[in-house]
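Letters A, B, ... mirror the listed sequences (proteins, then strands); counts begin at 1.
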Amino acid sequence: MSVVVRFAPSPTGYLHIGGARTALFNWLFARHHGGRYLLRIEDTDRARSTEEAIRAILDGLHWLGLDPDEPPVFQSTRFDRHREVALRLLAEGKAYRCWATPEELEAMREKARAEGRPMRYDGRWRDRDPAEAPPGVPPVVRLKAPQEGETVIEDLVQGTIRVANEQLDDMVLLRSDGTPTYMLSVVVDDIDMGITHVIRGHDHLTNTFRQKQLYDAIGAPCPAFAHIPLIHGPDGAKLSKRHGALSVTEYREMGFLPEAMRCYLLRLGWAHGDKELLTDAEAIALFDLSGVGRSPARFDMAKLLNVNAHFLRQRSDAELVELLRPFLAKEGLVVEGEGARRLAAGMAGLKARARTLVELARGAAFYLRPRPLPIAADAAARLDEVHRAALAELGPRLATQEPWEEAALEATCRGFAEARGMKFAGLAQALRAALTGSTVSPGLFEVMVVLGREEVVGRLEDAAAGRNPVLPASN
RNA sequence: GUCCCCAUCGUCUAGAGGUCAGGACGCCACCCUUUCAAGGUGGAAACACGGGUUCGAGUCCCGUUGGGGACGCCA
């Protein structure tokens with residue numbers, strides 16, 4: 001039997017980090033088994049579903065490289081089919097109409113609570129004659145669920161889980177307005193889409209018992225279930241807005257790489273021995289449900305940053321130049337011509353110092369800024385009179401420096417400092433300030449080679465003459 | 001409240017009865033060094049608690065505590 005899985009988000013907001021991981025696990029499982037990975041948009045709640053949210057989910061999945069293998073199925077287009085199934089169950093006596101009003105239901109809840117029992121619908125219309133139906137009250141359709149025995153599910157992650165059927169009540173299949181409920185829609189769609197494995201968040205675990213009953217009533221085989229533990233915030237509580245970024249879009253904007261997100265999310269709740277950093281090929285080859293842990297994991301930004309830094313360094317310099325464009329554009333910097341050349345040439349030194357594309361862009365900006373280069377206040381402080389005078393003298397010397405190579409440049413600068421009885425470290429910081437506008441940068445001589453003779457000499461002149469605007473904040 | 005699930009360093013985790021309880025992130029120290037990173041070396045850091053079962057328990061069972069989830073004519 002070929003594997004078919006699906007990711008089934010409801011479009012009531014952006015694609016969040018937990019959903020992204022669920023999608024990833026489904027995707028990996030399908031790839032590992034050579035199966036299909038589908039997307040179903042659960043937009044049956046017309047009031048809360050928005051076009052914008054659908055866009056956001058599709059965009060998020062696309063960015064993460066988790067595009068579905070087939071066009072998405074929109075659950076709202078399948079109302080008729082869902083109704084058809086409910087009506088069939090009704091005809092077969094496996095479901096019944098219920099005229100209980102919201103007030104009656106509320107009373108049942110209160111009574112149950114008072115008696116310390118689970119809050120369940122009491123089945124008052126289960127065997128009652130429909131002729132007794134009150135006039136003018138539109139009924140819902142409920143499943144005639146088994147009242148004795150127990151419902152058991154074999155979860156591929158959580159193991160065997162059983163619940164007494166008396167804990168479960170007769171769930172609503174069709175609302176009084178005739179629309180299908182989530183429970184009905186999910187089960188019917190999963191059956192019709194040929195889903196073999198339902199991999200979803202642990203928060204759906206208790207829904208599964210009811211869904212199992214529905215499968216049984218419909219007479220369809222149950223897919224295998226795998227409920228993966230939830231992701232919690234750093235404090236152990238449910239991940240929420242107050243923990244910072246939830247939307248995958250925000251991670252893109254913070255400069256994270258999709259492959260880093262995939263790797264981090266995968267390792268959050270799944271492990272294969274001591275393997276930490278996996279390529280997609282390795283992840284696909286190694287992924288299995290038995291490796292999924294059973295306890296919830298906390299989201300750790302520090303680790304994500306580390307993982308991202310790793311994957312950043314795996315990218316080629318040319319790729320990084322392209323990835324940097326939108327981030328540099330935010331600072332009004334356009335990557336083209338000489339600037340593009342410098343970025344590519346300087347990328348090796350830049351990427352070792354960045355964990356995200358945002359950091360990389362920040363560190364790379366000095367290669368693109370036109371003269372006179374703005375200098376951060378703390379860097380400008382390194383350009384005192386003594387050092388400005390030194391730079392004024394060093395500039396012309398570098399103008400005739402041959403060859404224009406790192407080792408030679410270093411020899412020249414060190415020799416210059418020594419001849420002047422000046423500490424090289426101080427000269428280096430002054431040079432750094434003049435050339436990069438910062439106290440922090442890639443190696444000085446690498447920077448010189450990348451900038452080129454003309455630009456270096458020009459920037460030194462600017463600094464010696466005090467022409468640079470000083471920025472209030474530093475790096 | 002009821003039901004269900006979970007429990008190894010601060011965090012992510014390895015561990016499928018016998019390990020000096022391993023790795024990674026983070027942290028600390030040292031090395032490298034023109035800054036900051038990167039890189040290298042080393043270090044501190046965990047089996048929630050209590051009972052069993054067993055020659056032997058982080059591993060199996062029960063309980064306690066703690067955490068989480070679900071209890072809608074939402075999805």
Side-chain angles (χ1 to χ4, degrees), chain A residues 8-12 42-45 47-49 75 98 100 102 105 109 112-121 138-142 155 157-159 161-164 167-169 171-177 179 181-183 185-186 201-209 227 229-230 232 234 236-238 264 267-277 290 293-307 309 313 349-355 359 363 379 382 410 413-414 417 423-433 436 438-445 475:
Chain A
S10 56
T12 54
E42 311 223 308
D43 55 348
T44 54
D45 185 340
R48 292 200 301 154
S49 300
Q75 198 160 56
C98 165
L105 260 18
R109 272 187 212 107
R113 158 148 279 191
E115 293 171 6
R117 291 184 300 104
M119 296 171 266
R120 304 286 178 247
Y121 168 70
V140 299
V141 172
R142 287 180 184 273
D155 193 282
V157 170
Q158 307 291 339
I161 304 164
R162 50 187 71 222
V163 69
Q167 294 295 329
L168 276 14
D169 61 3
M171 74 184 118
V172 173
L173 265 21
L174 291 182
R175 303 187 185 98
S176 53
D177 66 0
T179 58
T181 60
Y182 163 78
M183 286 290 184
S185 301
V186 166
H202 188 264
D203 50 339
H204 285 284
L205 186 60
T206 46
N207 285 335
T208 309
F209 298 115
H227 288 90
L230 267 19
H232 288 168
K238 193 174 184 176
Y264 175 72
R267 284 288 290 102
L268 210 53
W270 176 87
H272 187 269
D274 287 340
K275 205 102 180 96
E276 291 285 344
L277 300 162
S290 65
R294 274 172 306 198
S295 52
R298 300 186 188 200
F299 188 84
D300 182 6
M301 185 59 89
K303 185 135 184 175
L304 209 211
L305 282 168
N306 176 275
V307 171
R313 289 179 207 115
L350 256 16
K351 69 182 177 185
R353 292 169 172 76
R355 296 174 299 178
E359 290 179 359
R382 311 300 174 97
E410 177 160 6
C413 291
R414 282 188 187 277
K423 280 218 166 115
F424 176 66
L427 177 69
Q429 277 305 72
L431 275 167
R432 191 182 313 284
T436 73
S438 169
T439 56
V440 171
S441 81
L444 260 189
F445 306 106
N475 38 301

So which protein nitrogen or oxygen atoms get under 3.5 Å of nucleotides 38-45 of chain B's nitrogens or oxygens?
unit_1, atom_1, unit_2, atom_2, d
A38(B), O4', Ala352(A), O, 3.3

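Side-chain contact between Asp155(A) and Leu205(A) is present, with heavy atoms from C-beta onward closer than 4.5 Å. Between His227(A) and Val157(A) there is no side-chain heavy-atom pair separated by less than 4.5 Å. You'll find the side chain of Ser10(A) stays beyond 4.5 Å of the side chain of Tyr182(A), heavy atoms only.
Of the nucleotides present, none pairs with G58(B) by Watson-Crick or G-U wobble criteria with both distances under 3.5 Å. For C25(B), the paired base is G10(B) (Watson-Crick or G-U wobble, both distances below 3.5 Å). The partner of A46(B) is absent, by the rule that a Watson-Crick or G-U pair needs both atom distances under 3.5 Å. As the counterpart of C30(B), G40(B) is assigned, both hydrogen-bonding distances of the Watson-Crick or G-U wobble pattern falling under 3.5 Å. Of the nucleotides present, none pairs with U35(B) by Watson-Crick or G-U wobble criteria with both distances under 3.5 Å.
Within the 4.0 angstrom heavy-atom criterion, only backbone atoms of the sugar-phosphate kind lie near His232(A); the bases stay farther away. Looking at heavy-atom distances under 4.0 Å, Val172(A) makes contact with sugar-phosphate atoms alone, never a base. Among the atoms of the strands shown, only primed sugar atoms or phosphate atoms (P, OP1, OP2) are found under 4.0 Å from some heavy atom of Gly269(A). Using a 4.0 Å heavy-atom criterion, one finds that Leu444(A) contacts the bases of the nucleic acid, with or without backbone contacts as well. Among the protein residues, Ser49(A) comes within range of no part of the nucleic acid, since none of its heavy atoms lies under 4.0 Å from any strand. Contacts of Phe445(A) with the nucleic acid, taken as non-hydrogen atoms under 4.0 Å apart, include base atoms. Nucleic acid contact for Ser10(A): sugar-phosphate only, since backbone atoms but no base atoms lie under 4.0 Å from a heavy atom of the residue. Contact annotation for Pro234(A): no contact, since no heavy-atom pair falls under 4.0 Å across all strands.
Not a single donor-acceptor pair, N or O on each side, falls under 3.5 Å between the base of C73(B) and the side chain of Thr181(A).
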Under 4.0 Å protein heavy-atom contacts per nucleotide of nucleotides 19-28 of chain B, with B for base, S for backbone only and - for none: ---BBBSS--

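If you measure from atom NZ of Lys423(A) to atom P of U35(B), you get 13 Å, rounded to the nearest angstrom.
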